[in-house]
Amino acid sequence: MEQMREPLSGHVGLSEDGRQVRILDQSQLPNREVYLELNGLEELCEAVSGLRVRGAPAIGIFAGYGVYVLARQLPEKAPAAANLAALSGQAGQLAAARPTAVNLAWAVDRMLGKARQALSRGWSGVCAALEAECLAIHREDIAMCRAIAEYGLSLVKEGDGILTHCNAGPLATSRYGTALGPILLGRERGIRLKVFADETRPLLQGARLTAYELGRAGVDVTLICDNMASVVMGNGWVQACFVGCDRVAANGDTANKIGTSGVAILARHYGIPFYVLGPTSTIDLACPTGADIPIEERDPEEIRTLWYREPMAPAGVKCFNPAFDVTDHSLIAGIVTEKGICRAPYTESLKALFFA
Ligand code: MRU
């Protein structure tokens with residue numbers, strides 16, 4: 001009989017003594033399930049930039065815990081204002097570890113705001129407030145993913161094929177995930193969906209993570225290379241595309257893993273609805289359009305040598321390695337959030353989420 005296991009959770013959290021952030025090292029999946037406990041600023045930043053923890057909501061949750069463990073290391077007897085200045089500097093470095101996903105800076109700002117509010121309670125009061133806040137960020141993400149999964153599930157029916165890009169499942173969030181949430185929730189309810197997972201070059205989040213977590217949950221998942229999506233869509237096997245997001249601009253333009261905009265263009269060609277799923281913490285109304293979203297560029301070795309027994313490109317060949325791209329809002333059939341499904345015109349529907 002097919003085995004169904006609980007969606008992954010608990011892959012970002014606090015160590016038992018509450019002094020370290022504990023993560024499942026995603027860079028080693030699917031071959032090794034290794035947990036790390038971190039509390040130094042440098043190792044926290046490296047965990048983010050090295051994609052040991054990754055996915056917009058997950059790095060937000062991680063940053064919440066990170067700010068808390070950093071705060072606990074500051075001397076309790078020092079003036080609280082001096083500690084806050086030191087913490088702000090460290091938190092700023094953590095927020096800068098990756099530029100595109102807004103959740104990272106969002107969580108850091110939220111934690112520092114909490115610290116400022118609690119300052120009159122002394123540093124132990126600040127730490128207590130920060131502990132409550134990082135746990136709240138995590139709990140809220142679980143609830144948001146669950147609501148997104150419900151809304152997303154309303155867009156598909158038994159037997160549909162869903163194409164997804166990168167990994168926007170439990171590993172990238174807290175539980176259920178965003179793009180994979182409807183699929184996992186459907187699985188729990190006996191609604192079977194078939195998933196086509198783009199391998200997602202160059203870092204293979206689709207192959208290493210999406211195929212891993214969907215397979216573990218007993219979902220029918222087929223791994224394809226990124227350049228096969230057109231054939232799969234042309235064969236009539238895909239009824240909807242579900243992708244996550246790293247930052248949604250006020251006009252609906254959406255940054256997500258490099259290659260996402262190509263999927264949206266293909267989907268438009270084949271008349272397949274292309275949906276973006278993400279929590280409101282990923283919507284950045286301060287960013288007017290996709291052109292204002294900073295796009296991370298990564299090490300060329302990820303393209304030239306990383307996965308290969310021997311280099312697969314001439315040494316020193318010029319490479320362009322953006323980690324994300326922007327999908328134009330005109331290609332998006334809907335943006336599914338925990339508060340409901342936004343439709344075009346996004347400038348109005350996204351704003352209404354915050355100011356209704
Ligand atoms: O570079 P990554 O692996 O962090 O990129 C992740 C993505 O692009 C995800 O689709 C996005 O963060 C949404 S996760 C719910």
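Just so it is clear, the structure is predicted and the values come from calculations on it, not from any experiment.
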Would you confirm whether [X], through its side chain, and [Y], through its main-chain N or O, come within 3.5 Å as a donor-acceptor pair?
X: Thr100; Y: Pro294; result: yes
X: His11; Y: Pro170; result: yes
X: Arg247; Y: Pro99; result: yes
X: Ser49; Y: Cys45; result: yes
X: Asp292; Y: Thr289; result: yes
X: Thr200; Y: Cys166; result: yes
X: Lys257; Y: Ala323; result: yes
X: Asn83; Y: Pro75; result: yes

Output the distance between atom [atom1] ([X]) and atom [atom2] ([Y]), rounded to the nearest 0.5 Å.
X: Lys194; Y: Leu163; atom1: NZ; atom2: CG; value: 14.0 Å
X: Asp299; Y: Ile303; atom1: CG; atom2: CD1; value: 9.5 Å
X: Leu36; Y: Gln20; atom1: CG; atom2: CD; value: 10.5 Å

Problem set entry | Check against side chain to side chain contact (heavy atoms under 4.5 Å, CB included), Ile332 and Asp253 | CA-CA 8 Å; Ile332 299 174; Asp253 289 351; over 6 Å; no

Over all heavy atoms of both residues, which pair between [X] and [Y] is shortest? Give the atoms and the distance, please.
X: Ile295; Y: Pro322; result: CG2-CB, 4.1 Å
X: Leu350; Y: Cys342; result: CD2-SG, 3.9 Å
X: Leu130; Y: Lys114; result: CD2-CB, 4.2 Å
X: Asp198; Y: Ala229; result: OD1-CB, 4.0 Å
X: Phe62; Y: Ala47; result: CZ-CB, 3.9 Å

Between [X] and [Y], does at least one N-O distance fall below 4.0 Å, as a salt bridge requires?
X: Glu43; Y: Arg52; answer: no
X: Lys351; Y: Glu348; answer: no
X: Arg201; Y: Asp226; answer: no
X: Glu158; Y: Arg192; answer: no

Problem set entry | ILVMFWY cluster, Leu353 and Trp106 together (side-chain gap under 4.5 Å) |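 As far as the 4.5 Å side-chain criterion goes, Trp106 and Leu353 are not connected within one cluster.
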
Exercise. Linking I/L/V/M/F/W/Y whenever their side-chain heavy atoms sit closer than 4.5 Å, directly or via other members, would Val67 and Leu135 fall into one cluster?
Worked result: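 Looking at the clustering, Leu135 is in the same group as Val67.
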
Measure the shortest side-chain to side-chain distance between [X] and [Y] over non-hydrogen atoms and say whether it is less than 4.5 angstrom.
X: Val232; Y: Thr222; answer: no
X: Val53; Y: Asp25; answer: no
X: Tyr346; Y: Asn251; answer: no

For this session: Please list, chain by chain and in numerical order, all residues satisfying salt bridge (charged side-chain N to carboxylate O under 4.0 Å, His left out) with Glu297, sequence neighbours excluded.
Result: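 Per chain and number, Glu297 pairs via salt bridge (charged side-chain N to carboxylate O under 4.0 Å, His left out) with no residue.
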
Please tabulate, one pair per line, all N/O donor-acceptor pairs under 3.5 Å involving side-chain atoms of residues 144-152, not counting sequence neighbours.
from: Arg146; atom 1: NH1; to: Tyr176; atom 2: OH; distance (Å): 2.9
from: Glu150; atom 1: OE1; to: Arg189; atom 2: NH1; distance (Å): 3.1
from: Glu150; atom 1: OE1; to: Arg189; atom 2: NH2; distance (Å): 3.4
from: Glu150; atom 1: OE2; to: Arg189; atom 2: NH2; distance (Å): 2.5

For this session: Quick one: do Tyr212 and Glu33 satisfy side-chain hydrogen bond (donor to acceptor under 3.5 Å, both in side chains)? Show the steps, please.
Result: CA-CA 11 Å; Tyr212 161 78; Glu33 290 185 7; 2.4 Å; yes

Exercise. Is the NZ atom of Lys339 crowded by more than 12 outside heavy atoms at less than 6.0 Å?
Worked result: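 Yes, the 6.0 Å shell around NZ holds more than 12 heavy atoms from other groups.
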
For this session: Could you tell me whether Glu42 atom CD has more than 12 heavy atoms of other residues or ligands within 6.0 Å of it?
Result: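 No.
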
Problem set entry | Parallel, tilted or perpendicular, as decided by the 30° and 60° cut-offs, for the rings of Trp237 and Phe196 |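 Parallel.
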
Problem set entry | Criterion side chain to side chain contact (heavy atoms under 4.5 Å, CB included) on Ile293 and Phe324, from CA distance to verdict | CA-CA 10 Å; Ile293 300 176; Phe324 299 94; over 6 Å; no

Problem set entry | Passing option when Asn321 is tested against Glu302, Arg298, Glu296 for side chain to side chain donor-acceptor pair (under 3.5 Å) |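 Per the side chain to side chain donor-acceptor pair (under 3.5 Å) rule, the option paired with Asn321 is Glu302, out of Glu302, Arg298, Glu296.
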
